[in-house]
There are 2 protein chains.
Amino acid sequence: MADQQRDEEAVDRFVERFASELVEAGMQRMPARVFAALLVADDGALTSAEVGERLKVSPAAVSGAVRYLAQVGLISREREPGSRRERYRLHSDQWYETFTRRDRFLTRLESTLASGVDAVGGGTPAGERIAETADFFAFLQREWTKTMERWRAERSGR
Amino acid sequence: MADQQRDEEAVDRFVERFASELVEAGMQRMPARVFAALLVADDGALTSAEVGERLKVSPAAVSGAVRYLAQVGLISREREPGSRRERYRLHSDQWYETFTRRDRFLTRLESTLASGVDAVGGGTPAGERIAETADFFAFLQREWTKTMERWRAERSGR
DNA sequence: CGCTGGTTTCAGAAAGTTGTGAAGTTATAG
DNA sequence: CTATAACTTCACAACTTTCTGAAACCAGCG
């Protein structure tokens, strides 16, 4: 546990590796990298210039990435008082709640699957296969709420 | 519930819409479309030519897609006896179990996060933030097993 | 054994994605 | 109000991904 001094090279490696995994999970590359950069900042916030410097990218790229991140609620943007500089901050330490939130996606999936059952016919083998899939994702959505409740309980009990 | 007759146009719409949602969830487009095509086939299986015709794509594209789908265990390939034609079949009606399986991914993520804690230092704010994230994903992995058990129980009890 | 229907491989064309530089906009300081 | 620091937008270039056609391969049949 080398916690006396940050090894910035190791931090960079972590940033890139973690970003790749977010990409694999569906995030675009630049937002993922910016997000990872904020995650390793000690107070969870950086200015645009600091992000650009750490990642070696242009202001334009930072601008696009933070717009996306703010939109999905992973960061918030603050104005530094007495300056026209902005800081981008992890929206909360429970960012993973946002990240793993799949409500809207699951809802849409269910409605698509319902239309699929209609299209192939409810009584057919294909219809039943699709209906079961819909049931599964509905179940998943219900379970997710409970899982998050359990997490909060476990977490506060430490 | 129009289940007297398949409306092939509506089926096609479903196939494309469902495939798009799989893409959004991280699957490549062509495998997603092929998979969706199998899902709406009454016996859950099609020949290469049938897939190509429904999706209007070349044999080469089908070949690449089924290779991928077989590799991740979503379909199996069968040889039609007395023919050199192959059929591709949904590996099981519980395909969603494979699809939602995230074990390997979560494990890798945890190890990345552990290296991140090391890089920034365990006692620092960033270190604690990253460690909490790692805890969360570890929790998620444990919960997932239980969720799937509950699903099987609920499902068999119908 | 060679012919043929079917699948696979591969190089390249087409499409899509991403990040940059440069111009444009906005807001604060003076 | 004007000057200017900082962010944003946009057209384009670089890169990546994806699909196709053509050729190669393979297995069963005659």
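Under the 3.5 Å distance criterion, the side-chain polar atoms of A:Thr112 are matched with a main-chain donor or acceptor of A:Arg108. In this structure a side-chain-to-backbone donor-acceptor pair under 3.5 Å is present from A:Lys56 to A:Glu53.
You'll find that the side chain of A:Ser63 is closest to D:dT8, out of D:dA22, D:dT8, C:dT7. Residue A:Met30 places its side chain closer to C:dG19 than to any other of C:dT9, C:dG19, C:dT7. In the set D:dT8, C:dG21, C:dT9, the nucleotide with an atom closest to the side chain of A:Arg77 is D:dT8.
To the nearest angstrom, C1' of D:dT17 lies 13 Å from CZ of A:Arg29. Between the C1' atom of C:dT8 and the CG atom of B:Leu69 lies a distance of 16 Å, rounded to the nearest Å. Between the CD atom of A:Glu86 and the P atom of D:dC7 there is a distance of 6 Å, given to the nearest Å. For A:Arg87 and D:dC7, the CZ to C1' distance is 16 Å, given to the nearest whole Å. Rounded to whole angstrom, the span from the CD atom of A:Glu50 across to the P atom of D:dC7 amounts to 10 Å. In this structure, the OH atom of A:Tyr88 is 7 Å from the C1' atom of D:dC7, given to the nearest Å.
Under 4.0 Å is where a charged nitrogen must lie from a carboxylate oxygen, and between B:Arg79 and B:Glu86 at least one such pair does. Ionic pairing of B:Glu8 and B:Arg54 is present here: one or more N-O contacts between side-chain nitrogen and carboxylate oxygen are shorter than 4.0 angstrom.
Two residues, B:Pro59 and A:Arg79, neighbour DNA chain D, and the one matched to the more 5' nucleotide by heavy-atom proximity is A:Arg79. Of the residues near DNA chain D, A:Ala61 and A:Ser83, the one whose nearest nucleotide (by heavy atom distance) lies more toward the 5' end is A:Ser83. Both B:Arg85 and A:Ser58 lie close to DNA chain C; mapped to their nearest nucleotides by heavy-atom distance, the more 5′-ward contact belongs to B:Arg85.
Phosphate proximity of D:dC25 to B:Arg84: absent, as no side-chain N or O sits under 4.0 Å from OP1 or OP2. Considering only side-chain N and O atoms, A:Arg67 lies under 4.0 angstrom from the phosphate OP1 or OP2 of D:dT9.
Applying the salt bridge (Lys or Arg N to Asp or Glu O under 4.0 Å) test to B:Arg152 and every residue at least two apart in sequence or in another chain returns B:Glu97.
Checked by atom type, the side-chain pair B:Arg85/B:Thr47 shows no donor-acceptor distance below 3.5 Å. One side chain, B:Trp95 or A:Thr133, offers a donor N or O that lies under 3.5 Å from an acceptor on the other.
Residue contacts shown for B:Val57 are limited to sugar-phosphate atoms, with no base heavy atom under 4.0 Å away.
Within residues 33-49 of chain A, the residues approached by DNA chain D to less than 4.0 Å at the level of any non-hydrogen atom are A:Ser48, in residue-number order.
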